[in-house]
Every structure is written in structure tokens, then in C-alpha cells.
Trainee: 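Below is the structure I would like to discuss, written out as C-alpha cells.
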Amino acid sequence: MKLSMLKKTVGVAAFILGVSGQVVPAAAERPDDGMILKYQKTFEGKTVAFVPVTMGWDLTQGWMAAVERDAERLGYSVTIRDSNYSVDAGAQAISQLINEKPDIIIVQNADMQAYVKLIQRAMGAGINVIQMNMKTPVNSDAFVGGDWYGVGVETAKEAARLCGAGTSGKIALIQGPVTAPPNQLGVAGVNDALVDYPDVKLVATQAADWDASKAHSIASTIIKQHDDLCGFIGLWDNMDVGIAAAIREAGKQEQIKLVSTGGGNKDLGCTNVESGAFSSYVKVDTREQAKVLASTIQVLLQTQPEPGSQPFAVYTENQILTPDTVAPTSCWSVDQIKAGN
Amino acid sequence: MKSGRDAILSLNQEQMVIAISAVLFVLFSILLDGFFRISNLLSLLQSVSILGILAIGMAVVVIGRGIDLTMVAVMVFSTGWSFTLFAGGMQVEVALLLGLLLAVAFGAINGFLIAYVEIPAIFATLAMATVISGLGRFALVSSENIFISGDVGWFASLGAGAIAAVPMPVLLFLVISCIAFVALRLTRYGAFVYAIGDNPLASRNSGMPIRPMTVLMYSLASLVAFCAGLIMAMTVSSVNTKLASSTMVYDIILVVVIGGIGLAGGKGSIRNVISGTVLIGLLLNGLTIMNVDYSAQNIIKSLILLLAIIVDSLLNPRDEQTAQQGDI
């Protein structure tokens, strides 16, 4: 009786310590449900490495906030090798990591080809590879990310909905750098989807290099050029705030609709949807991706599959937010993800 | 004799830019529906006003026989820092003042390295641009794009307002142009800048404070960069620090050079900057109206610029008299 009480107390204490990020004391014998003890041990000493395009985005910061939270709770370590937009630096980092043999390498591909060979080499060296947000034609152990083509299709459908009967049907597309793969896929999605809407006319397609200021200049010229313009499609909220500013300046908030897309950052996404600056917003939720990534790491560290033997993917859902459907919890901030919300 | 010759040479280039601009203007007005409208012409000017303002800062430095490759980095990280502080709850005036002081400090460091440590301007500012970007990413801003969501009071009108239908950025471009014109042409310091650019050794021998003047020039360029950054931030309610690693600084140099300010220093004026800015604005606006494909736009832009440079070098062949160290 006494012994079992003691066990219980120690168990509860161990549980509390475990939850608050402490390693379970060696002496503690918590009740084993057949998995928990194994689970807790699995992550010790494991390393996960991440090679992002840049850590300057809320996107990558959000992902790592969730992963680092998990790492601290479970006891694996995370290293980040920022390639800062350089494919060379990224390739260098991956090669270096292959020598260091972490358990998992997470690669945020800058494009569809650059890291193909390296991903194969890493898997050949026995390292599990997760590809984030942009997939190469090679399947690695896991892919987590958005479906960029689908995002383009959704934005075009939204624009077609907003610029249907009773409007001029004229829309303009402001894209990012023409060579960036997420942009290319998005533009392809927009063009393919618009085929179904013969009344909607794409009167201008211009590239603003993901820069709000450039988008602003281009958008104001287009607005002046097409008096009866009905809407803009922008392919990234960070850039699209420039389009919103141009519409505001022209005093045409009522007439010109802006369909934007992004990761759902509170300041950029929801704030602009709530204010009506974005008439519709296709959210590729970073917070959700971050959670899926953290879970994927857990799964791979536990199952340790032969690299590349059982590839799977989790494509995040594209959600559409409008001023009517946006809720206080629709968006996130990096701090909230860090805090686990 | 020489200054007279130089004046004629630089006039030729300026005239040429104005001629090309005029041809484009007439062509666009005839061929492009909706080009020749006041609203479009104002938006044309607005789209290049930030570039123009930056080019004024650059022009002052170039006339003084220098070059400032840090301008874009200073612009985005000083304003980016200000708005990061603002987002953290600081009063907007205080945050902007701190950003401004930081910008001027960066400029002063540039000037110090060039004037006192005697590192060539192109290397000193090239290195400093990397230092500023690195420091910025590391310590000043947390994310690449800083979105300004709070209420910034009257500062908002700097980017979005208009007086008599003329957008504020255009007015500010003109105001800053006037200030720079007066400072360069009508003050002693302006004369010093030209003298230093024309012949640093002679200016030094005749007792001009060329070292403090160099520090002053670079500090002013950074100050101008901060103003440009503030206007840009207020226009689009965000600061894009990624511009620091873009080719924007070359666009600024291009505006300065195409307008007719020789990189060799000592010649040119604010008028050159304005004509260079207008030419770029015409190109950007016309090509956007024509909905020209991005890559084709780049080709057309670079061909017209190349043409301007070729015609210029035919009109003003380089010889030993005009070619100087620092010519690119």
C-alpha cells in the first residue's frame, strides 16, 4: 500500500517534471503503458538539422518555434544552418551536415532542382530527410508544406467570385520574382483556373519581386490605366500590402478587390483582412505546418525508417479568410507559436 | 578652360538624357492609351521619387569624388529598427529619432573610414554595407519584413498624403532636391564638395577641411537614405529589409550616372539627378502600361540605358584629360 503510494507520488512528480521540460529522474519508475518510457528515451541525444532559405521570414521562424519547443520538451537538439538565399551556401550546409550525420535533415528547398543530388546523398548516408514547403521531384522521407499550384487556383477562384457578374471582370496579377518556383506554380494555377471563367479578363501581369514598394508603383500605374479594374491577385501578403496601399491612395477600396495569400501572420494577414484591405486571403497556415513538422520529426525519430523507403507528405489545407469569416484565432504570431498557442 | 570644357561635356549628356526622355514621352503619349494623363504622370513621378531622393544623396557623395554603397542598407535597417522599436511600444517620434541618429552614425563611420583611415570609398562602403546588413539582421530587426500596424500619427501622411493632388513623395523629392541644390550651389560647403571632387589634393593644399567635409558628405547621404526609407515605409506600411541585398544600390548609381554626373567627381548638379530619375520613371511607367513581360522589360530597360551610355561615350570620348582614378 505504502509502496504503491510512493510510486504514485514519484510518478506524478516525474510526470510534472517531464511536462515542464525536465528529464525524468533516473530513479523514478513511472507507470509504463508500453510506449511512454520508450517514447521518452527515443529522443535523447538525437539531432535535427534545418537548412532554411532564410531565417528572416516569419514562416521559418514559426516552424522553428514549434520544433524548438518540442526539442526542449523531448530532449533532442536542433541546429539551424541559414543559407540566407544562397543556393551555394545551402548546398555547402547540407554537404557539411551529411558528414556530421544528424538523425534528420530538414531542407527548405529554394527551388525544385538545386538540392536533388544532395537530398539523395543524405538519404544514402542513412539520414532521414524532410522537405519543407517546396518539393523536389525526389521523394524523401517526408514532405510538409503548401500546395503552391493549389494556392494559385484558389486565389483565381476568389478573384473570379469577387469580379463576377455586374463588374468589369478585369483583374491584374502581381507576381513575385518570375523565376521563383512557388511563384511559377502559383501563376500557373491562376492561369489554369481562369480558363473556367471566360468573363474574367486578366488585363495585366507584372512582377514585383516580392517587394511591397515595387508592387505599389506597378499597382498604381495599373489602376490609372484601367479605370474600371475590378481586382488584383497578389501572391504574397508581404508584397501585397503595397497593392493595398495603391488602392487606398486611389480611393477605390469599394471598386477594386484584392485577393492575397500568405502564411497567416497576424500583422500581415488577419489585420488586413479585418480592415478590408484584403477582400479575400488564401491562408497556407504556417502555424499548422509548424505543428505538422514537429510531429513528423517525432514520427521519424521513433520509427527511423530506411531513408526514402516510405515517403509520405502532409500538404496543408488552403483556407480562405474573408472579412466575414476571419476570427480572432485565424492568425498567429511567432511569439504565440513559441508559447504553444 | 578645363571647367568650361567639362561644363559643355556634362551639358551634352544631360541634354541627351532630356532628348531621349522627350522622345519616349512623345512616343508613349501618342501610342499608349492613358499615358498622357495628369494622374498617370503623377504616379510615374511617385514611382521613382524614392529612387530620386536616394540618388540626390548619392549625387552629393559622387560629386565629392566618392561613392556610397551603404545607402540601401542604411535606409532599410535604420527605418526597420525604428519601426521594430515602435512595434515594441516605443513612442513613434523617439523611435524615429533613434533610427535617424543610427543612420547618421553609419554615415559618419563611412566618412571616418574614408577620410581618416583612407580606405577607398568603394571598398569602405562595400564592406560597411555588409556590416550594416549583418548587424541589422543580428541585432536591429527580428524579421525580414517589418509590417507597421500601429498608428504613426502625422508621419503616415509622408507616404500616403497628397497636396493639390501631387503625391507627398513627389513633393518631398522636389523639396529635398531644392535643399540639395541650394546647399551645393549657394553655400561654401557646396563649393567645397565640388572642389574636393575636382581635385582633392589642391583643395587640401588651399586649406579646405577635406576630412571633416568627407564625414559630413557621407553623414548627409545616410540622412537622405533615412528620409527615403521613412517615406517608403509610410507609403506601403512596411519595411522590406531584403532590399539591402538587392541590386537597388546600382539603380541609384545608374540614375546618378545616366543623368550626367561623372563618377570621377567634381561635376554635375541636382538637375542631372532629376533628368536621370525622370528617364527611369518614363521607362518603368511605359513598360508597365504596355504590360511588357518582366524579362523583356529588363532587356528593353538595359538596352535603352546602354544606348544612352554609347551615345554619351561617342559624344564625350574618354581621354587622358577626363579619365581619372575612380572612373568606373
Side-chain angles (χ1 to χ4, degrees), chain A residues 54-62 82 84-86 172-173 175 177-179 202-227 236-246 248-250 265-269 271-272 275 277 334-335, chain B residues 32-35 37-44 46-51 87 133-134 137 141-150 159-162 167-168 231-243 245-248 281 284-295 297-298:
Chain A
T54 170
M55 280 309 284
W57 290 334
D58 50 12
L59 173 77
T60 41
Q61 289 170 2
D82 193 343
N84 196 19
Y85 296 100
S86 159
L173 169 66
Q175 48 171 321
V178 280
T179 50
L202 196 58
V203 291
T205 305
Q206 289 285 313
D209 290 343
W210 300 144
D211 179 42
S213 180
K214 231 180 234 179
H216 172 265
S217 303
I218 291 171
S220 18
T221 305
I222 294 175
I223 292 171
K224 308 257 153 69
Q225 183 64 15
H226 302 280
D227 266 339
W236 193 33
D237 49 11
N238 280 261
M239 167 179 81
D240 300 343
V241 291
I243 307 175
R248 205 164 47 236
E249 258 175 45
N265 180 314
K266 192 169 242 156
D267 284 342
L268 279 160
T271 308
N272 283 313
S275 75
V334 175
D335 285 338
Chain B
L32 297 182
D33 237 10
F35 174 82
R37 261 193 269 166
I38 300 292
S39 63
N40 181 55
L41 297 179
L42 285 174
S43 113
L44 179 163
Q46 184 180 1
S47 67
V48 284
S49 51
I50 304 278
L51 189 64
S133 301
R137 293 258 151 77
V141 303
S142 58
S143 134
E144 197 166 85
N145 232 311
I146 300 128
F147 185 68
I148 305 161
S149 51
M168 209 57 174
I231 297 166
M232 189 190 242
M234 291 295 97
T235 308
V236 295
S237 349
S238 69
V239 181
N240 176 12
T241 61
K242 204 194 160 206
L243 284 177
S245 48
S246 73
T247 54
M248 189 173 181
L284 290 178
N285 187 270
L287 294 174
T288 308
I289 290 182
M290 286 186 270
N291 195 25
V292 174
D293 175 74
Y294 183 78
S295 316
Q297 261 195 38
N298 277 341

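In the text below, chain A, chain B and the rest are named by the order of the sequence lines, each starting its count at 1. As a basis for the values below, the full set of heavy atoms in this structure was taken, side chains included, without hydrogen atoms, waters or symmetry mates.
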Trainee: Report yes or no: is the cationic atom of B:K242 (NZ for Lys, CZ for Arg) under 6.0 Å from the centre of the six-membered ring of A:Y85, at an angle within 45° of the ring normal?
Mentor: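 Yes, B:K242 and A:Y85 form such a contact.
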Trainee: Please classify the contact between A:Q225 and chain B as side chain, backbone, both or neither, with a heavy-atom cut-off of under 4.5 Å.
Mentor: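 Both parts, heavy atoms under 4.5 Å.
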Trainee: Which residue pairs pass the side chain to side chain donor-acceptor pair (under 3.5 Å) test with at least one member in residues 203-214 of chain A, sequence neighbours excluded?
Mentor: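 Checked against side chain to side chain donor-acceptor pair (under 3.5 Å) - neighbours excluded - the pairs reaching residues 203-214 of chain A are A:Q206-B:N291, A:Q206-B:Q297, A:D209-A:K214, A:D209-B:Y294, A:D211-B:N240.
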Trainee: Considering only heavy atoms from C-beta outward, does the side chain of A:N272 approach that of B:F147 to under 4.5 Å?
Mentor: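 A side-chain contact exists here, since the closest heavy-atom pair is under 4.5 Å.
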Trainee: Under 4.5 Å from any heavy atom of chain A, what part of B:V292 do you find: side chain, backbone, both or neither?
Mentor: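 Answer is backbone: N, CA, C or O of B:V292 sit under 4.5 Å from chain A.
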Trainee: Any side-chain heavy atom of B:Q46 sitting closer than 4.5 Å to one from A:E249?
Mentor: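 Side-chain contact under 4.5 Å: yes.
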Trainee: Measuring heavy-atom distances to chain B, does A:T179 have an atom under 4.5 Å in its side chain, in its backbone, in both, or in neither?
Mentor: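 The answer is neither part of A:T179.
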Trainee: Below 4.5 Å, heavy-atom pairs only: which of A:Q61, A:M239, A:M55 has the largest tally toward chain B?
Mentor: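 Heavy-atom pair counts peak at A:Q61.
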Trainee: Would you check if B:I289 and A:T221 make a side-chain contact, meaning some heavy-atom pair closer than 4.5 Å?
Mentor: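 The answer is yes, as the side chains (C-beta and beyond) meet within the 4.5 Å cut-off.
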Trainee: Atom CG of B:L42 and atom OG of A:S220: how far apart are they, to the nearest 0.5 Å?
Mentor: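 It is 11.0 Å, given to the nearest 0.5 Å.
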Trainee: What part of B:S142 gets closer than 4.5 Å to chain A, counting heavy atoms only: side chain, backbone, both or neither?
Mentor: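 The backbone, not the side chain.
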Trainee: Against chain B, work out which of A:L268, A:T271, A:T60 has the most heavy-atom pairs shorter than 4.5 Å and name it.
Mentor: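 Top option by heavy-atom pairs under 4.5 Å: A:L268.
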Trainee: So does A:D82 pair up with B:R137, basic N to acidic O under 4.0 Å?
Mentor: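 A salt bridge is absent here (no side-chain N lies under 4.0 Å from a carboxylate O).
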Trainee: For A:G242 versus B:V236, what's the shortest heavy-atom pair and its separation?
Mentor: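 For A:G242 versus B:V236, the nearest heavy atoms are CA-CG1, 3.8 Å.
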Trainee: Could you state the interatomic distance from CG (A:N265) to CG (B:N145), rounded to the nearest 0.5 Å?
Mentor: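 A:N265 atom CG to B:N145 atom CG measures 9.5 Å (nearest 0.5 Å).
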Trainee: Could you report the tightest heavy-atom contact between A:K224 and B:S43, atom names first, then the distance?
Mentor: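 Closest approach of A:K224 to B:S43, heavy atoms only: NZ-CB, 3.2 Å.
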Trainee: With only heavy atoms counted, which part of B:L287 is less than 4.5 Å from chain A, the side chain, the backbone, both or neither?
Mentor: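 For B:L287, backbone heavy atoms alone lie under 4.5 Å from chain A.
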Trainee: For the candidates B:S149, B:G34, B:S143, which exhibits the highest count of non-hydrogen atom pairs separated by less than 4.5 Å from chain A?
Mentor: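 With the most close heavy-atom pairs to chain A, the winner is B:S143.
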Trainee: Using non-hydrogen atoms and a 4.5 Å limit, figure out which bit of A:D227 sits close to chain B: side chain, backbone, both or neither.
Mentor: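 Contact with chain B involves the side chain of A:D227 alone.
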Trainee: What is the minimum heavy-atom distance between B:S237 and A:R248, and which atoms define it?
Mentor: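 That would be OG-NH2, 3.7 Å.
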Trainee: Measure A:V203 against the heavy atoms of chain B and call it side chain, backbone, both or neither at under 4.5 Å.
Mentor: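 For A:V203, the contact with chain B is made by the backbone alone.
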